[in-house]
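Each chain gets a letter, A, B and so on, in the order its sequence line appears, and its residues count up from 1. Below, each value reflects all heavy atoms present in this structure, side chains not excepted, and no hydrogens, waters or symmetry copies.
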Amino acid sequence: MITETDNIEIILPFKAEYVSVVRLTVSGIASRMGFDIDAIEDIKVAVSEVCNKLVALGSSVVPRYKIVFSISEESLDIHFYCEDKSIKCIFGDGNDELGVSLISALMDDVSLCPENDYIIYMSKAIEENI
Amino acid sequence: MITETDNIEIILPFKAEYVSVVRLTVSGIASRMGFDIDAIEDIKVAVSEVCNKLVALGSSVVPRYKIVFSISEESLDIHFYCEDKSIKCIFGDGNDELGVSLISALMDDVSLCPENDYIIYMSKAIEENI
Amino acid sequence: MSSELNIREEYTDNAVVVFLSGEVDIYNSQKLKERLYKIIDDNKKDLKIDCTELNYIDSTGLGIFVGALKKVKQYDKKIHICKLKENIKKLFVITGLDKLFIIEE
Amino acid sequence: MSSELNIREEYTDNAVVVFLSGEVDIYNSQKLKERLYKIIDDNKKDLKIDCTELNYIDSTGLGIFVGALKKVKQYDKKIHICKLKENIKKLFVITGLDKLFIIEE
Ligand SMILES: Nc1ncnc2c1ncn2[C@@H]1O[C@H](COP(=O)(O)OP(=O)(O)O)[C@@H](O)[C@H]1O
Ligand SMILES: Nc1ncnc2c1ncn2[C@@H]1O[C@H](COP(=O)(O)OP(=O)(O)O)[C@@H](O)[C@H]1O
């Protein structure tokens with residue numbers, strides 16, 4: 001089966017004031033994809049939790065981080081990137097029970113500590129009840 | 001005077017369905033900057049007109065274009081980029097009177113056909129009545 | 001998120017009232033065009049476009065209004081555009097389209 | 001765009017009712033924390049947090065509720081959280097915080 005994937009990237013400073021911008025961007029993407037209102041809210045919360053943690057950590061090396069939204073017919077896949085390679089396994093310190101429990105519960109597939117070039121991966125399927 | 005500028009970039013496919021995503025992103029940025037509701041609407045229209053034209057033109061070389069939002073205390077400066085260097089002076093064909101008149105009237109500073117590495121530049125000052 | 005476009009019409013003796021709600025943009029303007037053109041051809045009456053709930057329109061949408069105007073003129077009819085929000089009325093003024101349509105409060 | 005956070009309080013005989021509207025997120029949660037903590041210390045009463053118009057909250061905001069709970073408990077008081085929208089109530093259930101607060105319709 002051949003499916004086309006569209007990628008939308010946003011690159012932004014490690015600053016708390018722009019997390020709401022990401023929420024608007026992702027809600028626009030998710031609503032265009034046909035997610036229902038509840039699912040859109042879930043995705044907004046999960047994405048924001050990662051942004052919150054990145055903003056709290058910051059980087060002394062680079063000013064910004066990147067989020068890639070991959071849009072297919074089946075799901076919205078989200079990867080977080082940063083060129084500062086010391087930013088890895090960001091929830092590994094165990095300080096964010098609330099955030100981690102939200103991300104894990106609200107998304108369908110999550111990789112919080114991947115051995116990869118991205119920091120975090122999360123995915124939401126368009127029809128959860130497949 | 002030293003002022004800090006924050007840059008937010010969004011990179012997206014040449015597709016009509018994602019222009020609304022750009023509108024949400026830019027409205028989030030502009031509202032965070034403190035623009036009033038009328039100014040936010042102006043910026044949304046002007047940015048969308050450029051996206052519309054880019055989407056209508058498309059590119060046979062690259063799948064996506066880039067918008068950089070530069071946020072300072074004085075203004076929101078917006079640059080459109082594409083790696084397909086044949087995309088230049090996009091409104092030069094004279095087919096878009098409506099779009100061009102809107103962009104020119106709604107933004108404070110506009111460069112529609114720059115001799116530069118960006119396709120279009122536009123800027124809105126936070127206090128128009130300086 | 002009222003970014004969808006909804007179109008609904010009501011019929012009076014000598015006009016069709018078209019209610020637009022949401023956003024008209026490049027993604028959905030074709031739908032508006034087809035609907036307006038069909039209404040015009042099917043009814044051959046004046047058109048009244050009620051924009052109370054229209055939150056956004058771009059040049060694509062404005063161009064469709066212009067096209068619809070050319071079409072009603074073939075039947076010697078008019079287009080009234082009413083209850084425009086201020087930010088949208090401004091777009092009609094900037095483009096000079098406020099002089100082509102009958103703009104009403 | 002109701003992304004701003006607004007906080008308003010009303011006083012009854014044995015409780016302070018705090019009305020939250022808009023969004024609580026990492027950017028404005030410090031403002032919520034300071035306001036709630038001050039209300040608690042100044043009044044030493046039960047807190048009732050009315051979330052009718054709260055559209056969004058993240059873990060930063062939930063953490064502040066937990067902190068506020070620790071604080072009211074010093075005065076042997078309780079926190080009632082009422083009129084949560086379904087999408088926000090869900091966050092309390094996921095995190096188990098629905099068992100720490102008195103959640104009311
Ligand atoms: N299910 C829970 N029950 C009780 N307290 C919790 C629960 N989850 C988190 N907390 C507490 O809420 C506060 C904020 O949580 P968290 O966001 O994980 O920490 P932090 O603010 O340090 O990032 C902490 O005091 C934490 O112990
Ligand atoms: N101020 C105006 N008065 C009358 N007609 C106009 C005006 N501006 C644009 N038009 C017409 O509106 C239609 C759409 O405009 P425009 O967006 O510029 O063209 P296009 O749809 O080819 O990109 C065209 O037929 C154009 O001639």
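- Of residues 38-50 of chain C, no residue lies under 4.5 Å from chain B by any heavy-atom pair.
- Side chains of C/Y27 and C/D25: no donor on one and acceptor on the other come within 3.5 Å.
- No side-chain donor from either of B/S20 and C/Y56 sits under 3.5 Å from a side-chain acceptor of the other.
- The closest side-chain donor-acceptor pair between B/N7 and B/S70 falls under 3.5 angstrom.
- Partners of B/S111 by side-chain contact (heavy atoms from CB on, under 4.5 Å), not counting sequence neighbours, listed by chain and number: B/P114, B/Y121.
- Side-chain polar atoms of B/S123 and B/D108 form no donor-acceptor pair below 3.5 angstrom.
- Take B/C89 and apply the disulfide bond (SG atoms under 2.5 Å apart) test, not counting sequence neighbours, and it matches B/C113.
- Remark: B/D109 does not engage B/K124 in a salt bridge, criterion side-chain N to carboxylate O under 4.0 Å.
- Between C/E53 and C/K83 no salt bridge is recorded (no basic side-chain N to carboxylate O distance below 4.0 Å).
- Using a cutoff of 4.0 Å between basic side-chain nitrogens and carboxylate oxygens, C/E105 and C/K89 are scored as salt-bridged.
- With a threshold of 4.5 angstrom between heavy atoms, B/E17 approaches chain C through its backbone and through its side chain.
- With a 4.5 Å cut-off on non-hydrogen atoms, C/D58 touches chain B through its backbone and its side chain both.
- Residues of residues 52-67 of chain B lying under 4.5 angstrom from chain C, judged on non-hydrogen atoms, are B/N52, B/V55 by number.
- Remark: C/R8 engages C/E10 in a salt bridge, criterion side-chain N to carboxylate O under 4.0 Å.
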